[in-house]
Amino acid sequence: MPDPVLGVLTVYKNDQKFIEWEERQFFQKLTAAGCHLGLEVVVLTPEDVDYRKAEVHAQTFQPSKSKWIRKWIPLPPLIYDRFRYHAGGRVLQLRQFRQSFPDLIYLSRPLADKWTVYKKLYQNAEIRPHLPLTTTYTSKEDLFRTLKSSRVVYLKPIRGTGGRGIYKIEKFDRNRYILSERDLQHRIVKPVKLTEGQIVSRLEKINISSNFVIQQGIDIHLNDKRVHDFRLLMQKNGEGKWEVTGCAGRIGPKGSITSNLHGGGKAVALQELLNRRFNDNAQVSSLRHQMVRFSHQVVRDLEREFGRLCELALDLAIDREGKLWLFEVNSKPSREVFSRIGDRDTYWKAVRRPLEYALHLYEQESRLNNRMA
Ligand SMILES: Nc1ncnc2c1ncn2[C@@H]1O[C@H](COP(=O)(O)OP(=O)(O)OP(=O)(O)O)[C@@H](O)[C@H]1O
Ligand SMILES: [Mg+2]
């Protein structure tokens, strides 16, 4: 087999062939780490592919010149899917690419939307108690029924938007609810008290439908009223085994209903945040173990259902009683939380792991080919 080359499959955000700034920075780091490991990294989008010739006008980063250049190359044998932008029908490009080139070695299969993932995990009796009650929005009755059993509910787009377009509805008194929001521009919208009718017309304005999930709200307020949760990154290592690469806390800005870093959230070391919440060392240590054990169960289950995966980031929460919850699972996670807490080792480990896993898959495939030759 030829030398291994890893193609990072991404997507242009607009017609100017622009790759998101943050992703480009990540790809530069991947290239540098690849150099050390003997794995060439190139970046491609389905729009750059000549489907007839199976060639691609790929971009490569030259660290010495700090410059991106383009070159036509045969499609790389290994594909790392970072296709994160699903708007504007772009997801069809991804499907066409995968269908046209099924024999490439993909590090992961695409994961389904929040609702499908939830339904799958719900089947596992050990995972189920850690999932906030969730349904899709089919009618206003669904919402108000959920509000009878949980005082607080979240409405979230079924396809994640990095903490944008999320609503929190809380029962205030017999006739009124408090609606809080992070809008599509990530602004913190001032909470308002509304009647049931007013909530309904507000939701009609945003065209709410089954593309939203209704989820039981979990109390994740710290004493200073900010919300917080945890980002745990699971990755396959160079032996193809799942490992926890790291876990860090996120604290939302004042008045925010979400903790996402892109929405102004602050990253905090795991131990520091747990110690702030629980005085008992034994409880903190047991929670840490529980988070790890639970995350292994989740990745095992999802991989069984959706096929090979290489990394997943879990948004975990621990409520005031010390109960562990899973908000969602991200299949194209950023590693930023680790650099933000100044943990460079974990950050670089998180960059390297998909490359090590790619090399592992490549070796396996080479061995198989040799045996068949
Ligand atoms: N059920 C809930 N109860 C309390 N807080 C929640 C709940 N669901 C979400 N949140 C808060 O909102 C944040 C964003 O929610 P979530 O992670 O589900 O969506 P997202 O980040 O927009 O999706 P994606 O990462 O796929 O773009 C969470 O990190 C958490 O801070
Ligand atoms: Mg999230």
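Counting from 1, the numbers follow the sequence of the chain as shown. Side chains are part of it too, since the values below use all heavy atoms of this structure and drop only hydrogens, waters and symmetry mates. Just so you know, ligand 1 is whichever comes first in the structure, and atom 1 is the first atom listed for that ligand. On a predicted model such as this, the values are computed, not experimentally measured, just so you know.
- Under a 4.0 angstrom heavy-atom cut-off, Ile257 registers as being in contact with ligand 1.
- Here the protein heavy atom with the shortest distance to atom 27 (O) of ligand 1 is Gly162 N, 2.5 Å.
- Checked by atom type, the side-chain pair Ser366/Asn369 shows no donor-acceptor distance below 3.5 Å.
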Worked check of salt bridge (Lys or Arg N to Asp or Glu O under 4.0 Å) between Glu23 and Arg82: CA-CA 9 Å; Glu23 278 293 88; Arg82 290 292 296 183; 3.0 Å; yes

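- Residue, atom and distance of the protein heavy atom nearest to atom 10 (N) of ligand 1 are Tyr154 CE2, 3.6 Å.
- Looking only at heavy atoms of the protein, atom 13 (C) of ligand 1 is closest to Asn260 OD1, 3.3 Å.
- Each of the following atoms of ligand 1 lies closer than 4.0 Å to a heavy atom of Ser259: 29 (O), 31 (O).
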Using the side-chain hydrogen bond (donor to acceptor under 3.5 Å, both in side chains) rule, take Tyr12 and Asp48 through it: C-alpha gap first, then chi angles, then the decisive distance, then the call. CA-CA 10 Å; Tyr12 292 127; Asp48 306 325; 2.8 Å; yes

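- Glu328 contributes atom OE2 as its closest N/O/S atom to the Mg ion (ligand 2).
- Atom OD2 is the N, O or S atom of Asp315 at the shortest distance from the Mg ion (ligand 2).
- Shortest contact from atom 3 (N) of ligand 1 to any protein heavy atom: Ile218 N, 2.9 Å.
- Annotation: Val227 places no N or O atom under 3.5 Å from an N or O atom of ligand 1; distance criterion only.
- Residue-to-ligand polar distances keep Arg231 apart from ligand 1: every N/O pair is separated by 3.5 Å or more.
- A donor and an acceptor atom, one from each side chain of Glu243 and Gln235, are nowhere located under 3.5 Å apart.
- Counting only heavy atoms from C-beta outward, the side chains of Leu233 and Phe338 approach each other to under 4.5 Å.
- Environment of NZ in Lys140: sparse, with no more than 12 heavy atoms of neighbouring residues, nucleotides or ligands closer than 6.0 Å.
- Of the listed residues (Asp229, Ile166, Leu111), the one carrying the non-hydrogen atom nearest atom 28 (C) of ligand 1 is Asp229.
- The Arg250 neighbourhood of ligand 1 comprises atoms 29 (O), with distances under 4.0 Å to a heavy atom of that residue.
- Only the side chain of Asn330 comes within 4.0 Å of ligand 1, counting heavy atoms alone; its backbone N, CA, C and O stay farther away.
- In this structure, atom 9 (C) of ligand 1 lies nearest to the protein heavy atom Lys156 NZ, 3.5 Å.
- Checking Thr258, Val152, Leu131, Val329 against atom 12 (O) of ligand 1, the nearest heavy atom belongs to Thr258.
- Using a 4.5 Å cut-off on side-chain heavy atoms (C-beta onward), Val42 and Val8 make no contact.
- Contacts of Lys114 with ligand 1, taken as heavy-atom pairs under 4.0 Å, involve the side chain alone.
- Residue, atom and distance of the protein heavy atom nearest to atom 1 (N) of ligand 1 are Gln216 O, 2.8 Å.
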Would His130 and Trp325 count as a ring-ring contact (aromatic ring centres under 6.0 Å, His included) here? Give the steps. CA-CA 5 Å; His130 302 282; Trp325 297 93; 7.5 Å; no

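- Under a 4.0 angstrom heavy-atom cut-off, Lys168 registers as lying outside contact with ligand 1.
- Ranking protein heavy atoms by distance to atom 22 (O) of ligand 1, first place goes to Gly163 N, 2.6 Å.
- A donor and an acceptor atom, one from each side chain of Arg288 and Gln271, are located under 3.5 Å apart.
- Side-chain contact between Tyr357 and Asn237 is absent, with no heavy-atom pair separated by less than 4.5 Å.
- The shortest N or O to N or O distance between Phe327 and ligand 1 is not below 3.5 Å.
- The proximity of His228 to ligand 1, defined as any non-hydrogen pair under 4.0 Å, does not occur for either the backbone or the side chain.
- Looking at His262, Glu328, Lys332, it is Glu328 that brings a heavy atom closest to atom 17 (O) of ligand 1.
- Within a 6.0 Å radius of CD in Glu239, other residues, nucleotides and ligands contribute 12 heavy atoms or fewer.
- Contact of the Lys171 side chain with the Phe144 side chain is not registered, since no non-hydrogen atoms from C-beta on lie closer than 4.5 Å.
- Side-chain contact between Leu37 and Arg352 is present, with at least one heavy-atom pair separated by less than 4.5 Å.
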